[in-house]
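Computed from heavy atoms alone, side chains included, the values below leave out hydrogens, waters and symmetry copies.
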There are 2 protein chains.
Amino acid sequence: MANRLGEFYARITKDLDITMDFWLKHSHDENNGGFFNCLSKDGKVYDRLKHVWLQARQVWTYCRLYNEVERFRRPDILQTAIKGMNFLQKHAKDPQTWKCHLVLTEDGKAVKTQRSIFSECFYLMALSETGRASGDNTYMAEALQMMDKIVFWVREDDTDLGQPAMEGAVSTSSLAVPMMLMCLIDQLETVDPTLEVKYRDLTGWCLTEVKKHIQRDGSVILENVSPEGEELPGSMGRLMLPGHSIEAGWFLLQHAINKSKDDLKKMAIDKFILNPFQYGWDKTHGGLLYFLDVDNWSPTQLEWDMKLWWAHNEALIAFLMVYKETEDTKMIDIFAKIFDYSYSHFVDEKNGEWYGYLNRNGEISMDFKGGPWKGCFHVPRYLMMCEKMLKELAK
Amino acid sequence: MANRLGEFYARITKDLDITMDFWLKHSHDENNGGFFNCLSKDGKVYDRLKHVWLQARQVWTYCRLYNEVERFRRPDILQTAIKGMNFLQKHAKDPQTWKCHLVLTEDGKAVKTQRSIFSECFYLMALSETGRASGDNTYMAEALQMMDKIVFWVREDDTDLGQPAMEGAVSTSSLAVPMMLMCLIDQLETVDPTLEVKYRDLTGWCLTEVKKHIQRDGSVILENVSPEGEELPGSMGRLMLPGHSIEAGWFLLQHAINKSKDDLKKMAIDKFILNPFQYGWDKTHGGLLYFLDVDNWSPTQLEWDMKLWWAHNEALIAFLMVYKETEDTKMIDIFAKIFDYSYSHFVDEKNGEWYGYLNRNGEISMDFKGGPWKGCFHVPRYLMMCEKMLKELAK
């Protein structure tokens, strides 16, 4: 399959162009700043609400492209991102508590707040990448302050998040939290490499937390474990999200490559990428399943057997990264398998962007391009990362 | 199809027996009281958490069967229900605020609370039916006090529910709330018909609220409208749940029959039952779709095209009730269509109870019989109501 590298590069480059055309053309709110993120397959706005995760991720995507991909280093892209960032600074964050909302009206009034840290994390990513693109240091300063807040909530005291303490609630370590923090550390160190010292202890904590999710003699990644790294009872304790595990895998692998940690490299590949791909790939219909139960009970999430675009984006990044690192051709074969499934099911080469949600058989179940949980992020991040890796492989 | 009435009766009677066998055999927690409601297809407990809606509904179902179906008037059924009710009284309700939790551990510790009124509503239904079955007046007294609380939260002040006020949140009238209150009034008046006077004003309010959801010149039922009965913007405003509309339809029809309100009868049948069935029935694969968008945008709920058991239970009750009332044979033809779909897709005649969740094609997507949102309620309620109606039709 290694001889398909040129083909992959050509399709990915084209896909990045038409995908970004889609967002640049259809999503900008010229009046208020920010983006319409609920867009139909051909870019019509079917809901004017603004979802904060997606607003912040779109700012991040625009700035990352501006910073790293020559043909997107355009003043209009930067200006739109800054307008989006300023919209979020004005409306998404509570200036007293620094909690960020989840959903806003088009003119910025708060509709919904979530009692977790994720709006805040994506807000931070947007801030720091905007700082890097604009050269304005105030963005990065605010990002560093937000990082302190998030770390305080995660490691010291989460009272501010507003989750009521329940006597029967089991203490849980969720894979998403240390993964997210690793991603933030990588983000901040990308802008300012001297931060490595500041975040060394936190990085160690994240790695310890992430490793707790390796269970059953290393054969599976469980989404939720106890703070001591033991299995939890019930469906929640048995839950696996193969696409999410694989995403954690490339976060770990990237970290291990950057810091030359060979043991971690092997663990990331074997435990977080290869195993979850093996049990997560649907042998009957192709594609990665969304939720699984480690003991083969029926998952309780209604969407468990759907195929979601982002899981495939993450798997493509992961397997290309593994191939680039190991030069093991079995890895590019798996990349090709995911690539062929994706480009025959998810990709809309006419209008741009991917469909997000297929049923188990691979039919499009919902045909919008942007929705409450799907915006300008996973597809372009995959495309820019794989374009770059393929360019390096071609050298 | 009217000549199939005997066949329907025979299958429904048998189905009620094997369905109740399933719960009586597999779900009882003899140690703590209450029920294991997460049960696999053959009755194995795959999660020991107790979901309060389902605990309360199972108490209600046991007592309603005890009260109204001769062959279930068994002391063991009543005793199990009372044990379940006492478990809920001890653990589900906050004695200070009367808010009820959503999820408990098997020994009754609170895991999760919801900022709405529904746990409290099902708790009330369980209380009053237990009072009716046991002859102990304290249950009904507590139910009446809970009713005052719920009505206060809905009509006066919902601060106690804990929903934060958000500047951008649109005031919404949700169909579920007046429907639920109508169901509670019917419940309380079934136990004590003299309550009609007390709840006359509230009944009027419910009917006014429910009618606001008839939109687009009477052709559709929208799930969410403004308090003034206007359409709301976005996906939320365009949302239709055909099965839920049909359930509202038989609540209204039952009320109209009991109170001899002919206009309301016609409205219930035409607007809430026939129209939603027409647009909700999947012309390609059969079965009722779960969510729809009135303007044919893609719904944003991932499970929109699944076929859920309860929608089919509600539709079977509704169309048999319409047939019994109108003697229009087209109505029994529709009943037969839903019946044939259900008994060839949902029903497990070997182990008892229905599968709950099919994909669009009609394949079983999740094979458990009880889960976080599926318990001993919709199937037996449909079976006992239809058994009774068919018996009366045979006279």
In terms of heavy-atom pairs under 4.5 Å with chain B, the winner among A:Thr300, A:Thr113, A:Val45, A:Val103 is A:Thr300
Check whether A:Asp107 gets within reach of chain B through its side chain, its backbone, both or neither, counting any heavy atom under 4.5 Å. neither
Contact between B:Glu303 and A:Met306 at the side-chain level, heavy atoms closer than 4.5 Å - yes or no? no
Could you tell me which portion of B:Asp293 (side chain, backbone, both or neither) has an atom closer than 4.5 angstrom to a non-hydrogen atom of chain A? neither
Sort out for me which of B:Ala110, B:Gly356, B:Gly162 touches chain A most, counting heavy-atom pairs under 4.5 Å. B:Ala110
With respect to chain B, which residue among A:Lys112, A:Lys41, A:Glu167 yields the maximal number of heavy-atom pairs within a distance under 4.5 Å? A:Glu167
Quick one: does A:Val170's side chain get under 4.5 Å of B:Val111's, heavy atoms only? no
Straight-line distance of B:Tyr357 OH to A:Gln301 CD, nearest 0.5 Å: 11.5 Å
Out of B:Pro233, B:Ala169, B:Gly108, B:Gly237, which one racks up the most heavy-atom pairs below 4.5 Å with chain A? B:Ala169
Using only atom types and a distance under 3.5 Å, with no angle test, would you say the side chain of B:Arg360 pairs donor to acceptor with the backbone of A:Asn359? no
Under 4.5 Å from a heavy atom of chain A, the part of B:Leu49 involved: neither
Residues of residues 347-355 of chain B contacting chain A, heavy-atom criterion under 4.5 Å, by residue number: none
For each of B:His101, B:Arg115, B:Lys44, tally heavy-atom pairs with chain A at distances under 4.5 Å, and name the one with the top tally. B:Arg115
Measure the spacing between CE of B:Met236 and CG of A:Asp47 and express it to the nearest 0.5 Å. 8.5 Å
Can you establish whether the number of heavy atoms outside B:Lys25 located under 6.0 Å from its atom NZ is more than 12? no
Only heavy atoms, only distances under 4.5 angstrom. Which residues in residues 364-376 of chain A are near chain B? A:Ser365, A:Met366, A:Asp367, A:Phe368, A:Pro372
Strictly distance-based, threshold 3.5 Å: is any side-chain N or O of A:Arg238 a donor or acceptor partner for the main-chain N or O of B:Tyr46? yes
Which atoms of B:Ser235 are under 4.5 Å from chain A, going by heavy atoms: the side chain, the backbone, both sets, or neither? both
What part of B:Pro164 gets closer than 4.5 Å to chain A, counting heavy atoms only: side chain, backbone, both or neither? neither
Leading residue by heavy atom contact count with chain B [cutoff under 4.5 Å; candidates A:Thr105, A:Asp305, A:Leu302]: A:Leu302
